[in-house]
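Below: the structure, in structure tokens.
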Amino acid sequence: MTHYVENTHLLFCDFYNRQLVPAMDPVQENSQYPLVSKFILSAFAATVAELVTFPLDLTKTRLQVQGEAGLREHGKPGPARTVYRGMLSTAVGIVREEGPLKLWQGATPAVYRHIVYSGGRMVAYEQLRESVLGKSEDGSFSVWKAAVGGMVSGAFGQFLASPTDLVKVQMQMEGRRRLEGKPPRVRGAYHAFIKIVSEGGIRGLWAGWVPNVQRAALVNLGDLATYDSVKHLLLRHTSLEDNCLCHGLASTCSGLVAATMGTPADVVKTRIMNQPRDSSGRGLLYKSSVDCLVQAVKGEGFLSLYKGFLPTWLRMVRSQTLFPCIKVFVVLSL
């Protein structure tokens, strides 16, 4: 979602207006209620999809800090021996060592994130589409405009939601900290917010926002552009119809491109948000996102930037498949 229910609610906005809402007069169309309805549906669908796929996000976060070179570079205490695990062994290890419910540790700020992200992104996208980029004379919205609008609005929404990502990452790492014999850092979402503000001020809530926003922009750009292109190719050159199978194949391809483009920034974001801090809230391992990137490549190799790639890709595909289906089910049930 941080991290992956990213793009389909924008596609749904147009689908909602064209297919699921009865024809309205101009006054009703310009009222606030359609936008409010779409936001509520987006937040609800994102929450359900987030909770279903959250174990993949937790697994991804644990993989991204595995063998972190920054700890060795600064002589910080860590595990006596780095045990490298894959996606499945990491998930199984969490269940065995911490308990099955720990697969959802950090889900609360993840839900907060989607509420903030969905609202900010939807408002920004609507404004860009209607007032800045504009539709064509026939009322359509071209692919490049959708990609630009999705990238900019995604970056804006992610900036607003970055504090919730910070809290989520720190909560996701609590189980590992306990296994390593380290004292607990946070006791819950509320305590994490208070602790971060008390140490670093309001500004401390936006630690790691630069790679976080970069990741969101790259994921949105790769996902929206690839999804539309692959779907048109499938409809034009195969016998597939515009159905769930076509959507699933397009989502798989777009998720692959989005994960490839966004995972390096996601690794940097996770490490910056998880690094130990001094009493003033300043990071002790990395001076900036560039410093984190350089340390990872020098100490672990280029492929370290793709740690957690598989759960990232799988979560994108599953979320993009679940997300619109949940929305359609809710709307048709009203």
Side-chain angles (χ1 to χ4, degrees), residues 2-3 56-91 93-94 97 106 162 165-183 185-186 196 199-200 204 206-219 258-315:
T2 2
H3 237 146
L56 286 171
D57 187 69
L58 177 64
T59 302
K60 178 263 301 182
T61 300
R62 297 288 182 91
L63 289 172
Q64 288 178 337
V65 298
Q66 203 170 231
E68 190 171 2
L71 291 173
R72 300 193 301 269
E73 182 76 15
H74 292 80
K76 298 299 178 183
R81 182 173 60 90
T82 299
V83 179
Y84 290 92
R85 291 171 166 174
M87 181 184 72
L88 292 178
S89 56
T90 297
I94 293 171
E97 297 165 359
S162 196
D165 264 328
L166 176 62
V167 171
K168 183 192 72 172
V169 168
Q170 294 194 2
M171 290 183 66
Q172 286 178 325
M173 294 304 300
E174 278 304 293
R176 175 176 161 171
R177 287 176 58 85
R178 288 188 174 91
L179 291 176
E180 294 173 355
K182 297 177 181 177
R185 182 166 49 185
V186 295
I196 293 169
E199 293 178 350
W206 271 267
W209 74 268
V210 173
N212 206 11
V213 168
Q214 291 171 340
R215 176 206 145 275
L218 290 169
V219 166
T260 302
M261 294 177 66
T263 297
D266 197 31
V267 171
V268 172
K269 178 262 301 184
T270 297
R271 293 185 174 194
I272 287 181
M273 289 183 171
N274 183 59
Q275 69 176 323
R277 300 182 179 276
D278 60 20
S279 58
S280 300
R282 289 189 294 266
L284 299 176
L285 302 184
Y286 309 112
K287 299 176 183 177
S288 64
S289 56
V290 174
D291 181 42
C292 180
L293 179 72
V294 171
Q295 287 194 44
V297 174
K298 287 177 61 177
E300 304 164 60
F302 176 78
L303 291 181
S304 66
L305 298 178
Y306 284 91
K307 288 183 176 181
F309 176 83
L310 184 56
T312 296
W313 180 26
L314 292 177
R315 191 165 190 243

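Values reported hereafter were calculated over all heavy atoms of this structure, with side chains retained and with hydrogens, waters and symmetry mates removed.
When all heavy atoms of S289 and V210 are compared, the pair lying nearest together is OG-CG1, 4.2 Å. The two residues T263 and Y306 have their closest heavy-atom pair at CG2-CA, 3.7 Å. A296 approaches S304 most closely through the heavy-atom pair O-OG, 3.3 Å. The shortest heavy-atom contact between R215 and G262 is CG-O, 3.5 Å. The two atoms that bring N212 and S162 nearest to each other are ND2-OG, 3.2 Å, heavy atoms only. Taking every heavy atom of both residues into account, I272 and G208 meet most closely at CG2-CA, 3.8 Å.
Q275 contributes a side-chain N or O that, together with a main-chain N or O of Y286, makes up a donor-acceptor pair within less than 3.5 Å.
The only option from Q66, E300, E68, Q64 that meets the side chain to side chain donor-acceptor pair (under 3.5 Å) definition with K307 turns out to be E300. For the side chain to side chain contact (heavy atoms under 4.5 Å, CB included) with R185, the lone residue among M171, R178, M173, R277 that qualifies is M173. For the side chain to side chain donor-acceptor pair (under 3.5 Å) with K60, the qualifying choice from D266, T90, T312 is D266, the only one to do so.
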*Assess whether side chain to side chain contact (heavy atoms under 4.5 Å, CB included) is satisfied between V167 and I196, documenting all intermediate values.*
CA-CA 9 Å; V167 171; I196 293 169; 4.0 Å; yes

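Taking R177 as the reference, E174 meet the salt bridge (Lys or Arg N to Asp or Glu O under 4.0 Å) condition, with sequence neighbours excluded. Residues meeting the side chain to side chain contact (heavy atoms under 4.5 Å, CB included) test with E97, sequence neighbours left out: R85, L179. For L310, the side chain to side chain contact (heavy atoms under 4.5 Å, CB included) criterion is met by M87, W313, L314, not counting sequence neighbours.
Side chains of N274 and Q172: a donor-acceptor N/O pair is absent below 3.5 angstrom, by distance only.
One finds the CZ atom of R315 at 10.0 Å from the OG1 atom of T59 (value rounded to the nearest 0.5 Å). Between atom CE of residue M273 and atom CG of residue D165 there is a gap of 5.0 Å, rounded to the nearest 0.5 Å.
Inter-residue side-chain proximity for L285 and Q295 is flagged as unmet; no heavy-atom pair is nearer than 4.5 Å. Side-chain contact between T260 and F309 is present, with heavy atoms from C-beta onward closer than 4.5 Å.
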